[in-house]
Each structure stands twice: as structure tokens, then as C-alpha cells.
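In what follows, every chain begins at residue 1, and chains take the letters A, B, ... in the order their sequences are listed.
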Amino acid sequence: MDIPSKYDAKSVENKWYDYWMKHGFFRSEPDEREPYSIVIPPPNVTGVLHMGHMMNNTLQDVLIRRARLNGYNACWVPGTDHAAIATEAKVVAKLKAEGIEKSDLTREEFLKHAWDWTHEYGGVILEQLKKLGCSCDWDRTKFTMDDDMSASVIKVFVDLYEKGMIYRGYRMVNWDPEAKTTLSDEEVIYEERQGQLYYLSYAIEGSDEKVTIATTRPETILGDTAICINPNDERYKHLKGKKAIVPLANRAIPIIEDEYVDVEFGTGCLKVTPAHDENDKNLGDKHKLEVIDIFNEDATLNSNGLHYEGKDRFVVRKEIVKELEEKGFLVKTEDHVNKVGTSERTKAIIEPRLSDQWFLKMEELVKPALEAVLDTKEIKLFPSKFENTYRHWLENIRDWNISRQLWWGHQIPAYYYGDGEKDFVVAENADEALAKAKKQSGNEALTTADLQQDNDSLDTWFSSWLWPISVFNGILEPENKEIEYYYPTNDLVTGPDILFFWVARMIFAGYEFRGKKPFSNVYLTGLVRDKQRRKMSKSLGNSPNALKLIEEYGADGVRVGLLLSSAAGNDLLFDEALCQQGKSFSNKIWNAFRLVKGWEMADIEQPEYAVTAIKWYKNKFQQTLKEIEDQYSKYRISDALMATYKLVWDDFCSWLLEMVKPAYQQPIDEKTYREVIAIFEDNLKLLHPFMPFLSEEVWQLMEERTPEDALIVSKWPSQTDFDTEIIKNFDFASEVISGIRTIRKEKNIAFKNGISLSLINNEKADSVFDTIIKKMGNIDELSYVDEKVDGALSFRVKSNEYFIPVSGAIDVEEEIGKLEEELSYTEGFLKSVQKKLSNERFVNNAPEKVVAGEKKKETDAIAKIATLKERLISLK
RNA sequence: GGGCGAUUAGCUCAGUUGGUUCAGAGCGGCUGGUUUACACCCAGUAGGUCGGGGGUUCGAAUCCCUCAUCGCCCA
């Protein structure tokens, strides 16, 4: 068979993915095995794969493939999220481009467009995940707006309402004037902006006096309903009980007192606009102030805005400052940096706004969620540093505003039958609503036509917080076989940016609706950044095209590249060079396979070096496997990969294969061959979670396999005891080989020229690796001697001395120089050890083990110094 | 403004409860090497007063204090 020297990822990836799919290896159904389940963090249904997804899903695939190899019934549930604001915004923009305004459409018409859009672009991202090798159970693919998923959301809403946990309130909310909807606190991003502080002069009613206030938002003076001073502020005491006149509006407003006012800020005198500021609203409630809302829903001014009606808030800010200045109300302006809230999705500046919204009480939901993560550790966060952040958020949480003024999403199941504030019912459908409405109103004549369903829809997260339950239909049929089997799920892999949006809320939902945690472990990945530490984003254009990367480096190469430097919770500075490293690794494994595959077997005796080499590798493999298991258990996936990488590249390829390799064009004995193949197979199993395609390809090329024998469903190597002695002996031998190589290099002795080696075995080193030293160093003759060999080059490993005689004169001066350097270094080392040992307090206080270690160092150093000195004398 | 975390080799990071190797890895660098699996390779090698200062201890990258710089979360 002629195998190309370069691994060609493109030609094999689709082949194996189809094969795995065809044989249903990703499929999971409840059976007698122990389950291992993961639910995917559902990406935006119309989104495309970006680096964050790639990393996130690679990690999930590693976990799920490893679980599968470990004999679990592995189930990875894929799906997508309807992403209310983002998707609605895209559809609105698309319609606009076609000359259609959303306001010209009915809800039904708009939803039809939205569904068309979803069907056209929906699920592209899932196809991309397949290219990456993700082994999701695609038959389970869910969408947050599937009928059953929607029904779950509505049922939960009704339940919570009936429990008194959902209420309607007239509250200050975060208003996105661009999307014309409210946002939850978590969807607001605070940014520092350079602005100005305007000092405005208000006249005092019935006097010539004026008072100056400082504000960052001069346009809101039209909504002012009070001036507030601190009662402890001597400067303004005389104003108590008086009234001030709002400039331009000429309204008289009361001057109130409250300790809330910071006397240090501005002039120590505050204008109060209850309709447009959270703190002012609180003041207003406390002092029973009038509320004047000056904005429309798109943040243009309404009729309270006088002659500014219809103009945008920022246009008005400029114009009103000009007018105030012209009319003498503007005292001065100062530069001022302030934090403004912006919409996570539309980037619009958030306007605090009073409106009727739906809220979910948080107080009770938070308790079990805090306990599970911080006390019982029923749910573990990796890395644990996020526990602090989690605690802080949960302890300061406010009720969750769950209504959105959007059409794309789950419509709130509240039905109004009258104009009164309480003339509504909450029900799962119109029929039930009618029955409830009749009962509640006492009006038996009501018909469905009299009911008006709430126009708002629910926050996207109000559906995704149910995800681990609803994908198994655990809301509608709480005792079905699937939910009982797969829930709680095992691991969740997601970014820390949605720790609050999603993770915490799933924990709330899990305890509230199942009385159980939704998952046991949460692995929080870092954000993917570019080399300059900038977040990957479309606007910066610094996000590489995911599919192009796969094409260039192979899915396995990209997976390895992403995992190599992605310690949990640490940001990943993405560099394509890492994918190149992954690709090189693929090629390395490929070529190891080519080498082994090319060997001719013969009925010859197994050489001693091969016996030893294989014995060593088997122990080394076990040692590494133990390490890898430990790293997996701590979710240190990149460390597990690095350990695998070094095992395969260094120990397997560079050492084992070189050690057992037959001479050029010579056959290999059958026993060694079989053992190397078995070892190779075990390596492939360790590699499979990271590099599924390459490992399966090599596995299948090794021999004919039935589908049941495919690598993806093979058995993970089991752990056994291992002998550390042989590993130590090997390490010693490898230092000897290294010494030989160094001398060869320094003296320009080509490897093909055999040399002889003599040694004084002060260390009483085991001779078991001698045949290997001979082979790896191309040593013709290896002899044990008692005396120094004159006229030979030498090196030392611990206190052992090695001599390589060379033809012609050796450079005595150079040799002496080297020896002296080594001697002075060792003497310095001995001195520091002896200093420690002569310190009584050290000897008395340090543990015996440590003292013994130091004494051993002392003995070794003394022995080495002796050999060095003797050698020097013989040369001089 | 409040809270949390970080600062170790040119880069990205390990370093577990303070103590066996006078601090480790990968990448990159440098030097040499291609008839004999792989130059997407092999071999060898250099590189760090563990951010600064102080303290506790027989002993500190590790614990405490302080300063500096950076990041994240919240208001």
C-alpha cells in the first residue's frame, strides 16, 4: 500500500462523520448503562459558527467522546435558541431593506416573516458543528420555539403566576429605544463616555434668588418635579419649603430635603426627574412627587417636551443647551466622564423608563441556587474562582423583568377582559383563559372575542433557563422515562459571560421545577481573543472564518489548536500558529502509522532491546494515563491534551519507535510488531476525544474492522499498576544517550559512524538498558571499566563516568576547561547544601524526609567532585 | 465608587496543603543534521534576581502587609 507522506484531513473527515452517523454512534436512548449527558448551550438559530462556539463545542465533544469510550450511555443534546431581540432586529432590518415597516404588519404577518427567516438561515450553525466533528445526538435537535418547548415555557409561566411568583408592576425598567423593548439588568452594558456636566440656574418663586443645579441630562429638566437639597447642607437651609421655577417650562416645583443628596457632587443641589432616573424615582416615591414622562417609546420627546416634541433626546440635548444659554439659564459647563448603559444587542443608549412589565420574584429561587454552589457543592464551578462572582450576583439580585416588547418569542399568556388594572387572567390557552375570566369577573357572557392577550413576549432566557429539563420534556411530562434517565445532566460547558443570564437561572429552574440540580459541573471557558487581546468580533473583523480554518488545518488540527492553550476560565489568545501545531501533530501521528505499516514481519527472535523498550513504554503509558485521568477529573483539558501530546510525540514516536525500529530494510519480529500495534491502538484511544477523525482513520487502516469495532465505540484503556523503577532506569539511560549525542555533535561524529563507550558504574546503574544505549547511540562496543580511559572524551551522569575514545588527539585544554567548570558548579552546589545541613534549626525543624534528601544531595555531590578531581589530575 | 482575580523564560501558561531535581511545559529562538516514517522532521542548546518593597519562617514563586500595573464583575 502506498500511503502519502502527508495526512490529508479533507478527504477523510466527511467519510468518518457519515460513517458514525450511519451506524448511529451518536444516538442515545435510555438503557441499562449509566447515562452521561450534556446539553449544548443553544446558539442563536440564525447565527454562524465563531471561534467561541468552536472552542466551547470542541470541549463538549471531548467530554462526550471520552464518556462514550468509558462505557457511559453518552448523550449530547443539540439545539438552537430563538434569540428574541437579535433575531427580531435582523428580521426588522431585512424587511426595512425591502421597504416594509414592522409597524405596517400585524403580529401574525410579522411572525410569518420571522419564521421564513428562521427556516432559511436556521440551523446553519448546526451543520458547521458537524464539520468540527461534534458527536451530538442529532435526532434530539431542539429549538426553543418548537411546540413542546413553547408549551413548557407557557406552563411554567402559569405555574409561577399561580404560586404568586410572577407579578405585574409599574416599574423603572431599562428601555432600549431602538428595539423599543425593555431589557433585563443583565442585558445592559455600562460604558464610560465623555460627557458634560451642565450647571443650570433655577429661579426661586417669589424672590430674586436663584439656585444652581448640576446635571448631565439637561433635556430632562422638562420632566423635573422637584429640587432636592441635603438637610445638613447649611448653604441651602433657607430654601426649605420654597418652590423653584423650571426654566423654559415655567413650572413651579417643590424644594425637598433628603440625605440622599451628595453635598460634594456638583453644587450639592439636585434636580429630581422621577420618570427618567431610578434614584429620582425612589426619591419621588418617598416624597410623593408628580411623575412627568417626557419621552415617546423611541426616545423622542412627547408633548411634555413643549416645542421639542418629536425630536430625538440627543438632538434636544444640544438644542436645549443652546436655548438655556441664550436665555441666561446656563451658568457653566464642565467636562465629565459618566457611565452610560447601552443595550447588549442594539448598542443603543438605555433610557430608564417607567412602564408596566412582568416580573419574576427572585428571593425564593435564589436560596437553593446559592446553597448548591457555595455550601453543599452539589454543583461545582470550574474554575472555582467564579464562585465569588456568582455569590455576589445572587446576593444582590433584583426581581427579573421577564417581559419584552417584541413579537418574536413566547407571547405572555395573560388575557385581559376589561380595562381595570386587575382585569386579566393567566392561562395556558384561550379556552382556559375564558373559563378563568368568567369566574374571576362573574360575567358569564364573556366570549373569546372579549379576551385580549398581552402583546408582550417573554425574555429569551425565560425559555432557555428550562433547557436541561425541557429538552427531555420534563416540564410537560415530569415523570417520563427520558427525564428520569438523563436528568440531572453531568457537565455544562459555556462562557462566563452568560453565568448569570443562563447558568444561574438554569440552576434556579432545576431546583424549582425538578427539585434537583440541572448539572453537576460547570466548565467555564475563557473568551477567545486575538493576539492583541481584543475580543473577537465581527465589527473588528478579527475573527477568523471557522470553516476556512478547518479546511486549512483539518478539524483535528483546529481542535488541538484551540485546546492547547485554553485552560478553564482563562481567555484564549487565538493564534493560527496553534492550529498549525495541531496539524503538525496530525501529520506526526500519520507518519508514525506509515512507519509501522511499512514494516515487514519475519519469523525471527525478539531482540532484547525491543523487550525492554516495550516493557518501559507500557509502564510509561500507565504513568501518563494516571496523570491524564487526574487532569480530566479536574477539567484541565488542555493539560490532558498536552500530556497525551508528549506521550505520543516524545515517548512513543521519538523513543519507542526509534528503539524498536529494525535496521534499514530489515524485517521486524512478529512479537514486537504485534505489541507495537497494540500500543498504537491504546494511543489512538487517548487521542480520539481530541482528534476524532485522524484517530478513526488510522484505527481503520490498521486492520479490517466491523462497525462494532470502530474506535469511537471502543473501550478506553484501563488503569493498572506500573513500575516506577523501570521508568527511572529509562530516564537514566536517556541521559546517557543524550550525553553521547552531545559529544557526537560537538566532535562532528556522524551517527552512522559507530563508536565505543566505556563506563565506570559508580551508581551501580541497572544494565537493562545497555542494549538500548548501544542501539540509540550507535555504540559498537560497550564495556564496564574500573579505571579512567586516557585519551578519551568523557561525560558524567550523576556519579557515573562515560568515556568515548576518539581517533587522533583530543583537545586536552578544552576538556580541562569543561571539567573545571563542572567542578566549580558542583562545589558551589555542595557548599549551599552543607550550609543548610549545618544549620541546627533546619536539621531540628525540617521533616526527616527533607533532611534525608539534603544529605543524599551532599553524598552525591561529594562523589561527583571526587571523580571530577581524579579526572583532572589524570589529564594534567 | 464597591467587589474579585491576576502579575513566573521572547510568547502562552503550569507550579496542588510553604520543603526531594540550585523554578517546569509548549511554542518561538539559536546550532547542527535530509539515501533509510515525518523539514508539518530529528538531535543538541540558550533563556527567568518568580511585578517592586517589607514581614512571618530553619526554609517563600507559594502565607501576611504595602505599592505599582492589568483584567473581570457590579453600581
Can you measure [X] atom [atom1] to [N] atom [atom2] for me and round it to whole angstrom units?
X	N	atom1	atom2	answer
A:L563	B:rC27	CG	P	16 Å
A:E576	B:rC40	CD	C1'	15 Å
A:D650	B:rC38	CG	P	19 Å
A:Q581	B:rC11	CD	P	17 Å
A:Y645	B:rU12	OH	C1'	14 Å
A:W655	B:rA43	CH2	P	8 Å
A:L578	B:rC40	CG	P	18 Å
A:R594	B:rC40	CZ	C1'	13 Å

Kindly point out which of [options] is positioned nearest to the side chain of [X]?
X	options	result
A:K6	B:rA39, B:rU36, B:rG44	B:rA39
A:T742	B:rC38, B:rA25, B:rG44	B:rG44
A:F500	B:rC73, B:rA43, B:rA37	B:rC73
A:K745	B:rA37, B:rU36, B:rU31	B:rU31
A:S584	B:rA37, B:rG44, B:rC40	B:rC40

Notebook entry, point to check: So does A:S638 get a side-chain nitrogen or oxygen closer than 4.0 Å to the phosphate oxygens (OP1/OP2) of B:rC13?
Noted result: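 No, outside the criterion.
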[atom1] atoms of [N] and [M], separation to the nearest Å:
N	M	atom1	result
B:rC30	B:rG55	P	43 Å
B:rG2	B:rC11	P	33 Å
B:rA9	B:rC50	P	10 Å
B:rC41	B:rU35	C1'	16 Å
B:rA14	B:rC27	C1'	14 Å
B:rC42	B:rG26	P	12 Å
B:rA60	B:rC65	C1'	15 Å
B:rC67	B:rG1	P	14 Å

Item checked: Close side-chain approach of A:E387 and A:V373, heavy atoms under 4.5 Å ->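 When only atoms from C-beta onward are counted, A:V373 and A:E387 do touch, with a gap below 4.5 Å.
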Touch class at under 4.0 angstrom, heavy-atom based, for [X] against every strand present:
X	value
A:R636	sugar-phosphate
A:W649	sugar-phosphate
A:S586	nothing
A:K646	sugar-phosphate

Next item on the list: Would you mind telling me which residue lines up with the more 5' stretch of RNA chain B, A:S734 or A:Q580, judged by nearest nucleotide?
Entry: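 Closest to the 5' end, via its nearest nucleotide, is A:Q580.
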Notebook entry, point to check: If each of A:K661 and A:Y7 is mapped to the nucleotide of RNA chain B with the nearest heavy atom, which maps nearer the 5' terminus, i.e. the 5' end?
Noted result: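 So the residue in question is A:K661.
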Next item on the list: Decide if atom CD of A:E395 counts as having more than 12 heavy atoms of other residues, nucleotides or ligands within a radius under 6.0 Å.
Entry: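 Yes, because the 6.0 Å sphere around CD of A:E395 holds more than 12 heavy atoms from other groups.
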May I ask you to decide whether [X] forms a salt bridge with [Y], counting only side-chain N to carboxylate O separations under 4.0 Å?
X	Y	answer
A:D277	A:K281	no
A:E629	A:K626	no
A:E552	A:K10	no
A:E627	A:R636	no

Just checking, any donor-acceptor pair under 3.5 angstrom between side chains of [X] and [Y]?
X	Y	value
A:Y7	A:E697	no
A:S584	A:N587	no
A:S11	A:D8	yes
A:Y617	A:E675	no

Item checked: Ranges pairing with ranges for RNA chain B, where each run has three or more Watson-Crick or G-U pairs under 3.5 Å ->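 When the pairs of RNA chain B are grouped into runs of at least three, the stems are B:1-7 with B:68-74, B:10-13 with B:24-27, B:29-33 with B:41-45, B:51-55 with B:63-67.
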Next item on the list: Give me the one residue out of A:K583, A:Q580, A:E576 that meets side chain to side chain donor-acceptor pair (under 3.5 Å) with A:Y553.
Entry: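 Option passing the side chain to side chain donor-acceptor pair (under 3.5 Å) with A:Y553: A:E576.
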Interface polar pairs with nucleotides 3-7 of chain B, N/O, under 3.5 angstrom:
from	atom 1	to	atom 2	distance (Å)
B:rC4	O3'	A:N388	ND2	3.2

Check: What is the minimum heavy-atom distance between A:D176 and A:S343, and which atoms define it?
Finding: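 So the minimum-distance heavy-atom pair works out to OD2-OG, 3.0 Å.
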Next item on the list: Determine whether any donor atom in the side chain of A:E658 lies under 3.5 Å from an acceptor atom in the base of B:rA37, or the reverse, and answer yes or no.
Entry: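 Indeed, a donor on one side and an acceptor on the other fall under 3.5 Å apart.
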Checklist line | Side-chain-base donor-acceptor pair under 3.5 Å for A:K588 and B:rC38 | finding: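 Yes.
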